Amino acid sequence: MLPHKQIELSLQTAVRAVLPDADVAAVLVRPCDPKFGDYQSNALMSLAKTRKLNPRQLATDVVANLDVSAVCEKVEIAGAGFLNFRLKNSLLGQTLEAAARGEHLFFAKAAQPKTIVLDFSSPNVAKPMHVGHIRSTGIGDALQRTLRLLNHRIISDNHIGDWGTQFGKLLLGWKQILNRAELERDAITELERLYKVINAECDANPARLEEAKSELVKLQAGEAENTAIWKEMIALSQKQFDTIYGRLGVRFEQALGESFYNPWLGEVVNELLRRGIARESEGAVGVFSDGSLPQKEDPFLVNRDSEWVADPALVRKSDGGFNYMTTDLATIDYRLKTWSPKEIVYVVDDRQSGHFKKLFLTFARWKSEEAKNTKLVHVGFGKIMGEDGKPFKTRSGDTVKLSDLMDEAEERAFKIVSEKSPALPETQRKEIARVIGLGAVKYADLLPNRQSDYVFSWDKMLALQGNTAPYLQYAYARIKSIFRKAAETFNVQHSTPNIQLAAPEEFALAKHLLNFGITLEAVADELRPNYLCNYLFELAVHFSRFFESCPVLKADDEAARHSRLALCDLTARVLKQGLDTLGIEVVEQM
RNA sequence: GCGCCCGUAGCUCAGUUGGAUAGAGCACCUGCCUUCUAAGCAGGUUGUCGCGCGUUCGAUUCGCGCCGGGCGCACCA
């Protein structure tokens, strides 16, 4: 068991001894400012507050019942009632040695693994994937990797947009203006062109719109020709998705598109109608407020001219078609029946938060038992802005395609790699550029708090200085370089080294390694990969300081050399594992 | 109009149950490569945490009211 967990459990036991009825779940320890110690708990102050106790007195009583002598030096009570813990050096050494033997990598698997459905990325058929998909895909992938690492069962499901009104226009375009040669050359661009041309015509000419609608009706009715074309469009899009996800290194357990749920949509609406959850209005069918929430908090109400009016969740349009609320309801139902998840997490743009509020409330009304046992979570995120402060676009004002973005990242990285390491063969420089370019883009996207908008800047992410992926990859490459040199100079020893820490840089690095697991758990609890980014950046900073001031291969004696090599190896392993958890690769040399 | 999100250093942003003197990167200045990768390290400068009131031993964090910005408000997803 990792030291901080031992402290936590001992502390909880001590708290229970003093306050038998206290809820100790919130009695936790956190890494803290080194001037106070290695770990700190401030839980006693809030316990004292709710019970109107003197916090210093409570702390004194708890410490009297606390036995952490195997783990820590004397526990200090400080300030208003903080408990400060300083690890015993012997235990720190033992923990590192156990890690060096491969017994752990500073994190523990979840005691109670959960089944979680993760819904992310969700690109649309017949459209190019663009920057708008980076955040959902990158955050979603980092979350699935984190949760899997902690032993949870994750069903990642790509809810592809393969159904909807746009197919009427696409079908019309396919039949009338398709350029077969272009379709073979670049299918997505040609499909996009079809949509744009027909869409413009529909805007200008209602008769064209009627034509498109009738194509859609035929598709929805299962007419053979349109169904065949639709399937071909999906297949062509799937190729694009496969290429891009391949480059990104993102995998899904499932890719059940919207159309998968078509067979159930009619019954969903019928049941909602039958049970009075939905009703007809202006020809459409919608779910309206049931009045169970205060007006201000009710997503089914909107205030217009200081009057609260209905803002229903429509589940059937007046033309009889269904919309995405219906599909999403059927999707939840299917997921629950198929996988019995504890949670369903949607990694989707914050702008859809209103939709999810309505969706979750509607589902709770529809299937109240299931809803009680399942947590539905919307993990929202902000927009990507250009350096002009407006949504990120190309110079000509188009959305930036993901494939172009990745190409440019690799090209820019290649220039820098060639400049910094001209001696490396070109094939190797290309591979390094691929890993660094892609890593820089992914990291820049994961680093900001997900809920805020962030500014996309090539120069910032590929300046390759400061808190960027290349800085972390560089730290890793430097470690690997040490081991290459070590292999030339010494017989590489596989015996377990004794860790002996002396320099302050060694202690700081070692103690930071121990916090990997706390960080992973924080990412999992709050679904925020940026915590891991910051942890890894700090780890790289600690390593760089160590690297500057503590010679490894030229250490004073063999024992120190072995100890430092072990520290290097553990740092490399955590860096690699951590970056992998963010979906970012490393290179041995750069 | 109503709701949601945001406002922290010149710029871009962190800030983990409310905690101790609010942090990082960039930019700017000064040192450090005949010694493990200088894509680095060490040091220096930078703040009415939008404004006000309240709760609290303690507020960037919680509540209320303003100001400023973004987004969303029935048959697109």
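Given the structure is predicted, the values throughout are model-derived calculations rather than measurements. In the text below, chain A, chain B and the rest are named by the order of the sequence lines, each starting its count at 1.
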So what does [X] hit on the nucleic acid, given a heavy-atom distance under 4.0 Å: a base, only sugar-phosphate, or nothing?
X        : result
A/Ser544 : sugar-phosphate
A/Asn84  : base
A/Phe537 : sugar-phosphate
A/Ser281 : base
A/Val552 : base
A/Gln589 : base
A/Asp453 : sugar-phosphate
A/Glu282 : base
A/Tyr324 : base
A/Lys383 : sugar-phosphate
A/Ala43  : base
A/Asp350 : nothing
A/Asn530 : sugar-phosphate
A/Pro551 : base

Could you please name the partner base of [N], counting Watson-Crick and G-U wobble pairs only when both distances are under 3.5 Å?
N     : answer
B/U21 : none
B/G47 : none
B/C33 : none
B/G3  : B/C71
B/G58 : none

Got a second to check how far A/Phe120's CZ is from A/Leu143's CG, nearest 0.5 Å?
->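 Output value for this atom pair is 8.5 Å.
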Span that lies between the [atom1] atom of [M] and that of [N], in whole angstrom:
N     : M     : atom1 : answer
B/G44 : B/A27 : C1'   : 14 Å
B/C36 : B/G47 : P     : 40 Å
B/G10 : B/G68 : P     : 22 Å
B/A9  : B/G3  : P     : 28 Å
B/G19 : B/G63 : P     : 15 Å

Since syn is defined as within 90° of 0, does B/C33 count as syn or as anti?
-> syn
Looking at [X] versus [Y], is the centre-to-centre ring distance below 6.0 Å?
X        : Y        : value
A/Tyr346 : A/Phe356 : yes
A/Tyr535 : A/Tyr531 : no
A/Tyr324 : A/His355 : yes

Basic-acidic side-chain contact under 4.0 Å: A/Lys5, A/Glu8 = yes
Donor-acceptor under 3.5 Å (A/Arg450 side chain, A/Arg528 main chain) = no
Nearest-nucleotide wise, let me know which of A/Arg30 and A/Gly164 is further upstream toward the 5' end of RNA chain B.
-> A/Arg30
With nearest nucleotides of RNA chain B determined for A/Glu307 and A/Lys358 from heavy-atom distances, which residue corresponds to the more 5′ nucleotide?
-> A/Glu307
Is atom NZ of A/Lys576 surrounded by more than 12 heavy atoms (other residues, nucleotides or ligands) closer than 6.0 Å?
-> no
Give the first and the last nucleotide of RNA chain B, reading 5' to 3', that has any atom under 4.0 Å from a heavy atom of chain A.
->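 Terminal contacting nucleotides, 5' to 3': B/G1 to B/A77.
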Six-ring centre of A/Phe547, A/Arg478 cation under 6.0 angstrom, axis tolerance 45° = yes
Between the side chains of A/Tyr261 and A/Asp328, does any donor sit under 3.5 Å from an acceptor?
->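 There is no such pair between these side chains.
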